[in-house]
Amino acid sequence: MGNAGDIPGVVLCVVGARPNYMKMAPLLRAFRARPDLPRSILVHTGQHYDTMMNDRLFEDLGLPRPEINLEVGSATHAVQTAEVIRRFEPVLDDYLPSCVVVVGDVNSTLACSLVAAKKGVPVVHVEAGLRSFDRAMPEEINRLLTDQLADLLYTTERSAQANLAREGIGAERIQFVGNVMIDSLLSHREHAVPAAETLRRAGAPADFIGPQGRFGVVTLHRPSNVDQADALAQSLEILRAVALRLPLVCALHPRTMANVEAFGLANKLDSERLLVLPPQGYLKMLGLMSAATLVLTDSGGMQEETTALAVPCLTMRDNTERPITVEQGTNTLVGRDRERILKLVDEILATGGKRGRAPELWDGHAAERIATHLSSWLAARPVSVRG
Ligand code: UD1
């Protein structure tokens with residue numbers, strides 16, 4: 001099976017959805033650079049499959065084509081999770097891995113962790129311990145359960161350790177290593193597509209961003225903001241109001257666009273100051289965020305990316321599982337509080353807003369630290385893979 005070093009088996013690295021790719025890319029590179037680690041194999045569950053949600057990001061991040069694709073596609077949470085579970089089990093039987101590495105908090109993360117844990121294959125969770133304390137978020141359920149199943153938990157910020165300790169997870173299973181998503185950001189920053197080029201190619205009028213070159217970047221896809229007609233209408237009204245102060249580039253998830261159509265809200269996006277685009281590639285998004293005056297989002301990852309880029313971020317949620325971005329970074333939680341959002345936008349336009357600082361160990365080397373630690377952890381384990 002092409003094993004390297006003395007550790008038997010392979011390392012199965014799982015991705016499923018967009019936010020997984022920028023976390024796995026640096027890990028795969030760091031694993032493959034270490035001859036003492038077994039061969040790493042990339043498994044894609046197929047949770048995301050659109051060109052713009054998937055292929056484009058793989059290209060931008062230099063991720064190799066997955067060796068295995070489970071092609072589960074979209075479905076209800078139960079069906080999607082169940083399909084990943086059903087299709088991942090035979091992969092473990094075929095490859096007898098020494099561990100399964102999962103990242104983040106999507107349905108695929110939990111599904112693959114569950115299969116591996118039941119087979120006695122060690123589960124390694126990267127970005128463990130984050131908690132929003134809001135179980136209405138599907139990701140919170142995925143985080144809680146994945147961390148219970150994981151044998152080795154790598155964390156991005158110190159608050160995660162306390163969360164895990166409260167849930168009875170022993171300190172010997174937890175390693176604070178920093179943020180692999182920021183590894184990707186720092187290594188790709190110089191290759192980002194300039195915002196002006198993205199806007200031009202998207203057909204934005206030459207005067208879209210005005211003489212001062214200011215614009216905001218928007219993403220919106222959380223069920224709490226886009227799955228109910230009234231919440232989505234409220235979110236779009238906020239965008240319209242902000243756009244009166246600052247032109248907005250909105251890169252919208254397919255579920256958001258589908259709901260805009262389904263709820264008959266397309267007219268709310270009809271404004272010269274709102275540029276509505278499909279999901280963007282990683283390098284374009286990085287260029288847009290870097291040049292933005294502010295970011296308005298409900299994404300998990302963009303709260304961290306804007307902190308690393310020192311760009312003010314208004315997060316349209318009432319809670320965050322990434323508190324360090326609020327405490328030390330540029331993030332502010334604003335929910336759908338229109339008055340508060342407009343006040344903060346005015347403040348940012350006047351003063352530049354929160355500048356923040358880079359959190360501890362968000363230094364571009366988290367994946368290397370994980371590879372080093374994982375190598376000695378695996379080497380110290382007795383060999384046992386159960387069928
Ligand atoms: C998933 C993650 C979420 C993450 C988001 C980023 C879970 C629970 N949620 O949410 O944490 O922030 O990805 O994008 O895993 N769709 C497409 N094309 C695709 C994928 C999805 O059109 O390639 C549409 C489908 O209509 C699908 C819907 O989006 O039903 C939702 O997709 P799904 O994978 O269930 O969750 P996301 O909302 O993408």
Side-chain angles (χ1 to χ4, degrees), residues 14-24 44-61 63 66 69-85 87-88 102-114 125-128 130-132 134-146 181 184 218-228 231-232 235 250-263 277-282 285 295 297-306 313 315-317 319-322 325:
V14 175
V15 293
R18 182 171 62 173
N20 291 162
Y21 311 150
M22 40 296 246
K23 295 169 194 166
M24 193 55 83
H44 197 322
T45 65
Q47 181 176 339
H48 283 177
Y49 45 83
D50 273 5
T51 308
M52 292 315 291
M53 296 294 283
N54 188 65
D55 312 26
R56 207 50 246 256
L57 288 141
F58 263 69
E59 249 171 63
D60 281 359
L61 290 159
L63 266 171
N69 194 325
L70 307 179
E71 295 181 351
V72 295
S74 300
T76 63
H77 283 257
V79 170
Q80 187 177 62
T81 308
E83 273 306 310
V84 176
I85 289 174
R87 297 180 195 198
F88 189 55
V102 295
V103 294
D105 54 18
V106 303
N107 288 342
S108 303
T109 308
L110 171 61
C112 293
S113 301
L114 188 54
H125 186 206
V126 176
E127 198 190 83
L130 297 180
R131 297 290 180 271
S132 65
D134 174 7
R135 291 197 185 193
M137 277 182 88
E139 293 80 3
E140 184 74 354
I141 312 273
N142 295 341
R143 291 181 201 115
L144 279 159
L145 298 178
T146 301
M181 182 171 237
S184 266
V218 177
T219 77
L220 217 51
H221 74 282
R222 293 254 155 252
S224 59
N225 280 329
V226 308
D227 278 5
Q228 308 293 329
L232 182 54
S235 303
C250 311
L252 296 182
H253 188 291
R255 79 186 286 129
T256 309
M257 283 318 289
N259 288 345
V260 166
E261 291 302 325
F263 301 143
L277 304 177
Q280 296 294 293
Y282 184 70
M285 208 57 198
V295 167
T297 188
D298 57 10
S299 152
M302 284 171 67
Q303 297 172 55
E304 297 186 337
E305 290 168 334
T306 47
C313 181
T315 297
M316 291 179 66
R317 289 174 44 191
N319 51 54
T320 180
E321 60 288 338
R322 295 161 161 92
T325 60

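When a residue number appears, it is its place in the shown sequence, counting from 1. In listed order, ligands and their atoms are each counted from 1. The figures here come from the full heavy-atom set of this structure, side chains too, leaving out hydrogens, waters and symmetry mates.
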Decide if atom CD of Gln228 counts as having more than 12 heavy atoms of other residues, nucleotides or ligands within a radius under 6.0 Å.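 Open.
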Between Glu139 and ligand 1, is there a nitrogen or oxygen pair with a distance under 3.5 Å?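 For ligand 1, there is an N or O atom that lies under 3.5 Å from one belonging to Glu139.
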Heteroatom proximity flag, Asn107 to ligand 1, N/O under 3.5 Å: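 Yes; at least one N/O pair falls below 3.5 Å.
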Will you find, in the side chains of Gln47 and Ser108, an N or O donor that is under 3.5 Å from an N or O acceptor?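 Yes.
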Under 3.5 Å, side chain of His48 to main-chain N/O of Arg18, donor-acceptor pair present?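 Confirmed, His48 side chain pairs with Arg18 backbone.
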Answer yes or no: is there a donor N or O on one side and an acceptor on the other, between the side chain of Ser184 and the main chain of Met22, under 3.5 Å?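 Yes; judged by distance alone, with no hydrogens or angles, the pair exists.
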Applying a heavy-atom cut-off of 4.0 Å, say which part of Pro19 lies close to ligand 1: side chain, backbone, both or neither.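 For Pro19, the contact with ligand 1 is made by the side chain alone.
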Using a 4.0 Å heavy-atom threshold (strictly under), name the region of Arg18 that reaches ligand 1: side chain, backbone, both or neither.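 Near ligand 1, Arg18 shows its side chain, while the N, CA, C and O stay back.
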Is the closest basic N to carboxylate O distance between [X] and [Y] below 4.0 Å?
{"X": "Arg135", "Y": "Glu140", "answer": "no"}
{"X": "Arg222", "Y": "Glu139", "answer": "yes"}
{"X": "Arg87", "Y": "Glu83", "answer": "yes"}

To the nearest 0.5 Å, how far apart are CG in Asn225 and CG in Asp298?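 So the gap between those two atoms works out to 5.0 Å.
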Out of curiosity, Ile141 CD1 to Thr146 OG1, how far, rounded to the nearest 0.5 Å?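 It is 11.0 Å, given to the nearest 0.5 Å.
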Among all residues two or more places apart in sequence or in another chain, which pass the ring-ring contact (aromatic ring centres under 6.0 Å, His included) test with Phe88?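 By the ring-ring contact (aromatic ring centres under 6.0 Å, His included) rule, Phe88 matches no residue at all.
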Nearest neighbour in protein (non-hydrogen) for [atom]:
{"atom": "atom 2 (C) of ligand 1", "value": "Val106 CG1, 3.7 Å"}
{"atom": "atom 25 (C) of ligand 1", "value": "Ser74 OG, 3.4 Å"}
{"atom": "atom 14 (O) of ligand 1", "value": "His48 CE1, 3.1 Å"}
{"atom": "atom 22 (O) of ligand 1", "value": "Pro254 CB, 3.2 Å"}
{"atom": "atom 16 (N) of ligand 1", "value": "Tyr49 OH, 3.7 Å"}
{"atom": "atom 29 (O) of ligand 1", "value": "His253 CE1, 3.4 Å"}

Just to be sure I'm reading this right: ignoring hydrogens, which of Gln47, Met137, Arg255 gets closest to atom 7 (C) of ligand 1? Compare them by their nearest heavy atoms.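 It is Gln47 whose heavy atom sits nearest to atom 7 (C) of ligand 1.
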Considering the heavy atoms of [X], write down every atom of ligand 1 situated less than 4.0 Å from one of them.
{"X": "Gln80", "answer": "34 (O), 35 (O)"}
{"X": "Arg222", "answer": "12 (O)"}
{"X": "His77", "answer": "8 (C)"}
{"X": "Met53", "answer": "14 (O), 19 (C), 23 (O)"}
{"X": "His221", "answer": "4 (C), 5 (C), 6 (C), 12 (O)"}

